[in-house]
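Report on one structure; see the data block that follows.
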Protein chains: 2
Amino acid sequence: MVRADARENRARIVETARQALAEDGEVSMNQIAQRAGVGPGTLYRHYPSREALVLAVYQLDIAKLLDSVQELLQRHSPLDALRLWTTALVDAMRRKHGLGDALSPGARQSITESTYDPVIAAITQMLEAGQDDGTIRGDVNPGDFLQLTGALWRAASGPEDRSQSMLGLILDGISRGAPA
Amino acid sequence: MVRADARENRARIVETARQALAEDGEVSMNQIAQRAGVGPGTLYRHYPSREALVLAVYQLDIAKLLDSVQELLQRHSPLDALRLWTTALVDAMRRKHGLGDALSPGARQSITESTYDPVIAAITQMLEAGQDDGTIRGDVNPGDFLQLTGALWRAASGPEDRSQSMLGLILDGISRGAPA
DNA sequence: ACCTGAACACCGTTCAAGT
DNA sequence: ACCTGAACACCGTTCAAGT
């Protein structure tokens, strides 16, 4: 039986860690515990290592990203929604890789696999919105788009971040009116 | 006036750090000091921060790399020498970037600039050796080759390391007999 | 002019004691 | 069933004391 305070602590810890890690990727575990208003022992009870915590944060990031699709499509054009969403996705990928060798290869792979299907679904949804209103070409494959996202991440992690202009090129390419 | 023991300590510290960091990129400063047989204070007298030390190691790496050209050309064919040398260069680039945000952007840029000319000279030397014995095309530009090296580094730092097969493609491309 | 090593504030992590 | 917080071994870094 999981107690209510435990459930609330758990949620507050990830949320706090998400903010703290966004501000400074090197915040200490004790600082996160303090900001979340729990003892260090409680933090470790829920997330037995730094790796486990950052992994949970990444999964929360992805979950929030998936939830954001609806709102983005309501407030922006499909192309702009796709641009904002992809930028956020690349940021999350960078943070995951920021873990460096602290993350076991197996864990990294399994998390990537477990998020593949919902990510494809989100991309599909935005592409279809653009196809419906005629701003995006009908022959764009969601898997291809995700593949290009990998290139964006590599560019963003490179010597100088050229990912925004690259993303601009890609979005031009999938726009209706662009040559096939 | 710089004392003899100071000069020796300095040299032994970088060399020790080079080995220790190669074995484990997260060795502590105190461990390095102990392995080098000096007190932590001495380490910090010569290299006032972790960043300064790793920077010095990187410069030593590059220096050793430049010195190795002669020997590589004696023991291997020009193409093999170029392959081994480029692989080592990409490794050094990866280690430099492994510093992450711990390295100030200015320091990273200035070190890259200061090593540019000698690196070009080394590449030129190996290309010319291959042109002399007829195994490398005569129209290969050293700057172009170095540019491609950047792509290799990005590939090596990516999700799966494809840099060796990419390097193979590049070397095939500059071989005599390959179409222009 | 340089080296030594004890010391400082802090790190990630653990665990006995509580409720 | 869970939380607290003192404690452990260690971290990067400093600095008074020595030679």
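Naming: A, B, ... by sequence-line order, numbering from 1 per chain. Only heavy atoms go into these numbers, but all of them, side chains included; no hydrogens, no water, no symmetry mates.
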**Request:** Look at B:E71 together with B:R75 and state whether they make a salt bridge at an N to O cut-off of under 4.0 Å.
**Result:** yes
**Message:** Just by distance, no angles: are the side chains of B:D133 and B:T135 close enough, under 3.5 Å, to form a donor-acceptor pair?
**Reply:** yes
**Asked** When you measure from the side chain of B:R176 to the backbone N and O of B:G130, does any donor-acceptor pair fall under 3.5 Å?
**Response** no
**Prompt:** Can you tell if the side chain of B:V140 reaches within under 4.5 Å of the side chain of B:D144, non-hydrogen atoms only?
**Reply:** no
**Fill in**
First and last nt of DNA chain D near chain A, cut-off under 4.0 Å to heavy atoms, 5' to 3', are D:dA1 to D:dA6
**Prompt:** More 5' along DNA chain D: B:R3 or B:M29, using each one's nearest nucleotide?
**Reply:** B:M29
**Asked** So which one's nearest nucleotide on DNA chain C is more toward 5', B:H46 or A:S49?
**Response** B:H46
**Message:** Base, sugar-phosphate or nothing for A:Q31? Non-hydrogen atoms, less than 4.0 Å.
**Reply:** sugar-phosphate
**Item:** Most 5' of A:T42 and A:V27 on DNA chain C, judged by nearest nucleotide
**Value:** A:V27
**Asked** Base, sugar-phosphate, or nothing for B:N9, non-hydrogen atoms under 4.0 angstrom?
**Response** sugar-phosphate
**Message:** Could you spell out the base pairing of DNA chain C as a dot-bracket line? Use Watson-Crick and G-U wobble contacts where both distances are under 3.5 Å, [ ] for crossing pairs, | for partners on a different strand.
**Reply:** ||.|||||...|||||.||
**Asked** For B:Q34, does the CD atom have more than 12 heavy-atom neighbours from other residues, nucleotides or ligands under 6.0 Å away?
**Response** no
**Message:** Do the side chains of A:K64 and A:D61 get close enough for a salt bridge, i.e. N-O under 4.0 angstrom?
**Reply:** no
**Complete:** Residues A:V38 and A:N9: closest non-hydrogen pair is CG1-OD1, 3.5 Å
**Request:** Could you tell me whether the side chain of A:R12 and the main chain of A:A36 form a donor-acceptor pair under 3.5 Å?
**Result:** yes
